[in-house]
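Data first, discussion second: the structure below is written as structure tokens.
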Amino acid sequence: MSCYAFIDAQNVHRGIKSLGWHLDWNKFRVYLDEKYNVDTAYLFIGYLPTNQELYSTLQKAGFILIFKPVIYDHVGKAKGNCDADLVLHTMVEKDNYEKAVIVTSDGDFYSLVKYLYDTEKLLMVLSPYIHTCSKLLKKEAKEKINYMDNLKRKIALNEKAPHTDETV
């Protein structure tokens with residue numbers, strides 16, 4: 001069975017960070033493979049030229065990066081909203097996978113999750129945190145939703161290892 005993961009990088013990064021720990025992206029990629037048999041993992045991420053080392057690390061971990069140009073708001077904060085790109089790519093690729101794992105807590109993906117569920121292509125929604133996960137997402141994923149907040153032991157960055165806190 002071919003299984004693709006479509007990952008909202010910023011949502012995952014912020015969700016895990018709100019729990020007080022950092023995600024080890026290498027461990028997370030292994031987890032996706034071992035738990036859900038994900039053979040292709042797309043990571044949707046805003047592009048900042050200063051994050052080349054991060055992008056290289058993510059690619060070495062086995063993620064296929066889909067970049068969104070970053071824009072800056074009125075106070076100079078970077079914004080790289082990848083929601084539409086994730087939905088479009090999931091639909092463009094739909095004939096190439098049997099099952100999909102959607103990794104986000106964002107309710108903007110509820111219609112995508114509903115479509116995948118109704119067409120029996122949804123394997124799982126993986127949300128960073130149960131309490132910040134959209135009610136719409138929970139409703140549409142039904143029984144096919146898991147949370148990452150209880151996975152710290154498996155996918156957390158070793159706190160002694162250096163980590164980057166760049167926008168993901």
Side-chain angles (χ1 to χ4, degrees), residues 1-48 50-68 80 82-83 85-87 89-90 92-106 109 112-113 116-117 120-134 137-138 141-168:
M1 168 183 83
S2 66
C3 183
Y4 286 15
F6 301 91
I7 304 160
D8 180 351
Q10 187 169 6
N11 184 273
V12 171
H13 174 71
R14 286 185 175 167
I16 294 298
K17 190 175 175 184
S18 77
L19 297 171
W21 50 281
H22 294 276
L23 182 66
D24 182 321
W25 290 93
N26 288 303
K27 290 179 184 176
F28 183 54
R29 182 64 185 94
V30 170
Y31 174 81
L32 289 172
D33 183 38
E34 291 176 352
K35 177 74 175 177
Y36 300 108
N37 296 311
V38 169
D39 43 37
T40 304
Y42 291 102
L43 190 70
F44 294 82
I45 188 167
Y47 180 79
L48 290 171
T50 56
N51 283 353
Q52 291 303 321
E53 187 177 335
L54 171 65
Y55 304 143
S56 294
T57 299
L58 292 169
Q59 288 173 321
K60 287 176 187 170
F63 293 99
I64 298 170
L65 305 185
I66 307 294
F67 293 109
K68 172 80 176 227
C82 298
D83 294 3
D85 302 81
L86 190 151
V87 171
H89 205 78
T90 304
V92 167
E93 291 290 327
K94 72 180 172 57
D95 294 333
N96 297 324
Y97 60 84
E98 293 172 53
K99 296 288 183 180
V101 175
I102 306 297
V103 187
T104 189
S105 288
D106 191 337
F109 296 109
L112 173 66
V113 168
L116 292 171
Y117 188 96
E120 299 182 0
K121 285 213 170 240
L122 182 66
L123 178 61
M124 191 63 58
V125 170
L126 194 54
S127 167
Y129 187 37
I130 190 170
H131 297 295
T132 58
C133 184
S134 162
L137 205 58
K138 291 175 187 176
K142 299 177 177 63
E143 77 285 356
K144 295 185 178 194
I145 191 164
N146 278 329
Y147 303 95
M148 297 167 67
D149 53 323
N150 62 349
L151 298 175
K152 181 177 181 181
R153 188 177 52 79
K154 291 182 181 181
I155 62 173
L157 186 67
N158 177 347
E159 292 304 322
K160 293 179 182 171
H163 66 273
T164 58
D165 201 30
E166 292 113 357
T167 301
V168 174

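As the structure is a computational prediction, the values presented were derived from the model and not from experiment.
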* How far apart are the closest heavy atoms of Ala156 and Lys27, and which atoms are they? -> O-NZ, 3.1 Å

* Structure fact -> Separation between CD1 (Ile7) and CD1 (Ile66), nearest 0.5 Å, reads 11.0 Å

* To do: Could you tell me which residues satisfy side chain to side chain donor-acceptor pair (under 3.5 Å) with Glu143, sequence neighbours excluded, listed by chain and number?
  => Tyr117

* Ile130 and Lys138: CA distance, side-chain angles, deciding distance, side chain to side chain contact (heavy atoms under 4.5 Å, CB included) verdict -> CA-CA 9 Å; Ile130 190 170; Lys138 291 175 187 176; 4.1 Å; yes

* Report the C-alpha separation of Ile16 and Trp21 in whole Å, then their side-chain angles, then the decisive distance to 0.1 Å, and conclude whether the side chain to side chain contact (heavy atoms under 4.5 Å, CB included) test is met. => CA-CA 6 Å; Ile16 294 298; Trp21 50 281; 3.6 Å; yes

* Got a second to check how far Cys82's SG is from Leu43's CG, nearest 0.5 Å? -> 8.5 Å

* Asked: Would you call Asp24 and Asn158 a side-chain contact if the rule is heavy atoms closer than 4.5 Å?
  -> no

* Please check if atom NZ in Lys142 has more than 12 non-hydrogen atoms from other residues, nucleotides or ligands closer than 6.0 Å. => yes

* Structure fact -> Distance col, row Asn26:CG vs Ile155:CD1, nearest 0.5 angstrom, shows 12.0 Å

* **Trp25 and Phe28 aromatic ring geometry - parallel, tilted or perpendicular at 30°/60° bounds** => perpendicular

* Asked: Heavy atoms, side chains only, cut-off 4.5 Å: are Arg14 and Thr132 in contact?
  -> no

* **Note, Leu123 side chain near Asn37 side chain (heavy atom, < 4.5 Å)** => no

* To do: Kindly indicate whether the side chain of Phe6, heavy atoms from C-beta on, has any atom under 4.5 Å from the side chain of Val101.
  => no

* Just jot down the side chain to side chain donor-acceptor pair (under 3.5 Å) partners of Asn146, sequence neighbours excluded, or say none. => Tyr36

* Quick one: CG on Leu86 to CD1 on Ile102, what's the gap to the nearest 0.5 Å? -> 6.0 Å

* Provide the closest heavy-atom pair for Asp39 versus Cys3 in the form atom of the first, atom of the second, distance. => OD1-O, 2.8 Å

* Asked: Under a 4.5 Å cut-off applied to non-hydrogen side-chain atoms, are Arg29 and Leu32 in contact?
  -> yes

* Structure fact -> Minimal heavy-atom distance between Val12 and Pro128, with the atoms involved, is CA-CG, 3.8 Å

* Asked: Got a second to check how far Ser127's OG is from Leu137's CG, nearest 0.5 Å?
  -> 7.0 Å

* Taking it one step at a time, do Asn11 and Phe44 satisfy side chain to side chain contact (heavy atoms under 4.5 Å, CB included)? -> CA-CA 10 Å; Asn11 184 273; Phe44 294 82; over 6 Å; no

* Is the side chain of Lys99 donor-acceptor paired with the backbone N or O of Glu120 at a distance under 3.5 Å, no angle test? -> yes

* Decide yes or no for Phe109 and Val103: does some side-chain heavy atom of the first lie under 4.5 Å from some side-chain heavy atom of the second? => no

* Using a 4.5 Å cut-off on heavy atoms from C-beta on, say whether the side chain of Leu19 contacts that of Lys152. => no

* **Heavy-atom closest contact (Lys94 atom, Lys121 atom, distance)** => O-NZ, 2.6 Å

* To do: Return the minimal non-hydrogen interatomic distance between Asp33 and Val38, and the atom names on each side.
  => OD1-O, 3.5 Å

* **Closest heavy-atom pair and its distance - Val125, Thr104** => CG1-O, 4.0 Å

* Asked: Between Ser134 (side chain) and Asp106 (backbone), is there a donor-acceptor pair under 3.5 Å?
  -> no

* To do: List the steps, then state whether side chain to side chain contact (heavy atoms under 4.5 Å, CB included) holds for Ile45 with Leu58.
  => CA-CA 11 Å; Ile45 188 167; Leu58 292 169; 3.9 Å; yes

* Asked: According to the interplanar angle, ranging from 0 to 90°, do the rings of Tyr55 and Tyr47 count as parallel (below 30°), tilted (30 to 60°) or perpendicular (above 60°)?
  -> parallel

* Less than 6.0 Å separating the ring centroids of Tyr42 and Tyr97? -> no

* Answer yes or no: is there a side-chain heavy-atom contact under 4.5 Å between Leu23 and His13? => no

* Structure fact -> By salt bridge (charged side-chain N to carboxylate O under 4.0 Å, His left out), Lys144 pairs with (sequence neighbours left out) none

* **Gap separating the OH atom of Tyr147 from the SG atom of Cys133, nearest 0.5 angstrom** => 4.5 Å

